[in-house]
Amino acid sequence: MSNKKIFTDSGIEVKEVYTSADFTEMEAPQAGLFPFTRGVQPTMYRGKLWTMRQYAGFSTAEESNKRYHYLLSQGVSGLSVAFDLPTQIGYDSDHELSDGEVGKVGVAIDSLEDMEQLFAGINLENVSTSMTINATGFILLAFYTALAKKQGADLQKISGTIQNDILKEYAARGTYIYPPRQSMRIITDIFEWCSLQLPKWNTISISGYHIREAGSTAVQEIAFTLSNGKAYVKAALEKGLDINVFGRRLSFFFNAHNNLFEEVAKFRAARKMWAVIMKDLGATDEKALMLRFHTQTGGSTLTAQQPMNNICRVTIQTLSAVLGGTQSLHTNGFDEALSLPTEEAAKIALRTQQIVAFESGVPDTVDPFAGSYFVEALTFEVEKEAWELIGKIDLLGGSVMAIESGYMQDQIAASAYKYQKDIESGEKIIVGVNKFQSEDKKRMPGFRIDESIQKLQSDKIKLLKKRRDTKKAEASLAILEATARSTENLMPAVLDAVENYCTLGEVADILRKVFGEYKG
């Protein structure tokens with residue numbers, strides 16, 4: 001018998017062997033029944049497979065549009081849009097702070113015209129689109145809605161998600177614009193407006209992904225994410241919204257890392273915990289109690305050394321997401337530690353999902369790990385530790401206060417520091433990085449963005465401003481400013497502005513003028 005103690009990445013001790021004595025809780029109800037530990041649908045993937053998404057967006061709308069058509073031809077069932085940094089933080093491509101960043105980590109979207117080019121030849125009624133956008137999520141949603149209207153689409157049928165999770169930006173990622181309380185107003189305005197105008201739209205994707213990418217543990221990922229979710233729900237309730245209406249359109253976004261069993265336990269625990277949180281907050285509608293989530297494989301787990309090994313990592317992470325009951329999945333390309341994914345890497349990533357779906361047998365039965373002594377015990381431990389963290393955040397006054405005091409940021413930083421120390425000491429083995437290194441220095445061909453993109457986008461903005469009706473654009477921005485200074489819902493004024501071809505930067509700047517900027 002080995003005396004060495006082994007721990008999961010969250011520091012939960014793993015015993016040498018597990019028996020029925022290690023899990024004494026009552027058996028979880030079947031999938032589709034509260035608290036949904038085993039899944040949100042009674043038949044899970046026997047009824048419908050998860051949505052296979054590939055996250056894509058680079059350079060111009062025209063170039064990204066070509067990739068979307070390619071991905072649709074390869075069998076993706078939903079699009080997932082990456083935006084460049086200027087778009088994420090509310091600057092047009094011709095702004096001086098956009099220098100060197102236009103089109104780099106995603107597509108540059110400056111106006112409704114760009115959105116028209118991004119989805120050229122794609123009927124928005126027929127696709128589900130996920131947009132990874134937060135501080136400017138309300139503007140991108142307005143662009144998308146304006147385009148759907150131009151296509152003559154029935155807005156009642158338009159489906160998709162905006163990430164729209166600003167709290168994790170303050171805690172982990174940093175692409176915020178406005179102070180927390182004004183940002184919360186924008187988010188609850190979106191909840192209210194979508195419940196009337198876009199009933200099938202997921203108004204927020206409460207994200208643990210970036211919390212994990214910043215260095216948190218699996219336990220911290222769900223504790224901080226669910227706590228943020230609780231803050232959004234409370235803000236919506238304070239606005240007088242119906243939890244059984246907006247609660248149905250909340251979704252989550254989690255990371256999948258390499259510790260297979262802990263990841264499965266994390267997903268199962270998160271579902272159970274959210275159902276309890278929503279019930280305690282007054283939800284009675286079954287769909288408002290369900291935690292539905294998208295998963296992306298772990299970007300921070302990918303290595304630049306021996307990048308082909310990343311295909312194996314992504315496969316393990318895919319299995320954890322599917323065994324954990326995800327509703328939607330994006331798999332990373334093996335070359336993403338080096339550059340944006342090449343077409344070949346994106347195709348292999350998609351094929352990984354398809355092989356798991358159609359060849360592995362994993363989706364054939366609901367929650368296949370249920371009843372495993374180890375997984376059930378681990379689900380219990382993850383849940384217990386996550387509740388303890390949520391209790392500490394509640395004592396601080398909730399997520400907004402925990403972020404403003406730096407508590408969440410400090411907890412994540414401490415976990416990231418410990419993880420890095422463990423790699424450097426060899427306590428944590430990363431194949432190809434601190435063990436099993438190779439002398440092969442052959443460089444992978446990366447995907448590069450042409451520096452001329454910024455000029456091209458800037459020229460498009462100049463032409464747009466010459467062509468549009470200036471009086472209408474200026475009038476709609478004046479209405480937006482007046483609305484921001486009132487307590488009215490912002491979304492109708494934002495939609496009017498973008499339909500009059502006001503740019504993303506112009507809309508964001510009006511709110512900068514009224515709300516100010518958060519300096520962190």
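Gln220 and Ser415 share a side-chain donor-acceptor pair at under 3.5 Å. Of the N and O atoms on the side chains of Arg185 and Gln182, not one donor lies less than 3.5 Å from an acceptor on the other residue. Under the 3.5 Å distance criterion, with hydrogens and angles disregarded, no donor-acceptor pair is assigned to the side chains of Asn134 and Gln88. Of the N and O atoms on the side chains of Gln353 and Thr318, not one donor lies less than 3.5 Å from an acceptor on the other residue.
Using bins of under 30°, 30° to 60° and over 60° for the plane-to-plane angle, the ring pair His294/Phe253 lands in the tilted bin. Ring planes of Phe267 and Phe293: parallel class, angle under 30° (limits at 30 and 60°).
Checked for salt-bridge contact, Glu113 and Lys460 miss the test: no charged N lies under 4.0 Å from a carboxylate O. Ionic pairing of Glu404 and Arg181 is present here: one or more N-O contacts between side-chain nitrogen and carboxylate oxygen are shorter than 4.0 angstrom. Taking the charged nitrogens against the carboxylate oxygens, Lys347 and Glu344 have no contact shorter than 4.0 Å, which rules out a salt bridge.
In this structure, the side chain of Asp84 does not engage the main chain of Val105 through any donor-acceptor pair within 3.5 Å. Between the side chain of Tyr144 and the main chain of Met115, no donor-acceptor pair closer than 3.5 Å is present. In this structure a side-chain-to-backbone donor-acceptor pair under 3.5 Å is missing from Tyr70 to Asn65. Proximity of a side-chain donor or acceptor of Ser98 to a complementary backbone N or O of Asp94 within less than 3.5 Å is not detected. Side-chain N or O atoms of Asp92 include one that pairs as donor or acceptor with a backbone N or O of Gly505 at under 3.5 Å. Although no hydrogens or angles enter the test, the distance criterion places a donor-acceptor pair under 3.5 Å between the side chain of Ser399 and the main chain of Ser227.
One distance of note links NZ of Lys168 with CE of Met408; it measures 12.5 Å at 0.5 Å rounding. In this structure, OG on Ser93 lies 13.0 Å from NZ on Lys455, to the nearest 0.5 angstrom.
Annotation: side chain of Arg53 is not in contact with side chain of Val76 (no heavy-atom distance under 4.5 Å). You'll find the side chain of Asp469 stays beyond 4.5 Å of the side chain of Asn500, heavy atoms only. By the 4.5 Å heavy-atom criterion applied to side chains, Thr503 and Lys465 are counted as neighbours.
A cation-pi geometry, defined here as NZ or CZ lying under 6.0 Å from the six-membered ring centre and within 45° of its normal, holds between Arg512 and Tyr91.
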request  = Verify side chain to side chain donor-acceptor pair (under 3.5 Å) between Thr175 and Glu169, making sure each step is shown before the conclusion.
outcome  = CA-CA 6 Å; Thr175 62; Glu169 295 296 331; 2.6 Å; yes
request  = Evaluate side chain to side chain contact (heavy atoms under 4.5 Å, CB included) for Tyr68 paired with Leu118, printing each intermediate quantity in order.
outcome  = CA-CA 9 Å; Tyr68 295 152; Leu118 185 65; 3.5 Å; yes
request  = Check the pair Asp110 / Gln457 against side chain to side chain donor-acceptor pair (under 3.5 Å), numbers first and verdict last.
outcome  = CA-CA 8 Å; Asp110 294 310; Gln457 280 296 114; 2.8 Å; yes
task = Report the C-alpha separation of Ile109 and Ile133 in whole Å, then their side-chain angles, then the decisive distance to 0.1 Å, and conclude whether the side chain to side chain contact (heavy atoms under 4.5 Å, CB included) test is met.
result = CA-CA 11 Å; Ile109 299 293; Ile133 195 78; over 6 Å; no
query = Would Lys266 and His257 satisfy side chain to side chain contact (heavy atoms under 4.5 Å, CB included), going step by step from the backbone distance to the final call?
reply = CA-CA 11 Å; Lys266 175 189 81 178; His257 275 219; over 6 Å; no
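Taking the ring pair (Phe, Tyr, Trp, His ring centres under 6.0 Å) definition, one finds that Tyr232 meets it with nothing, sequence neighbours left out.
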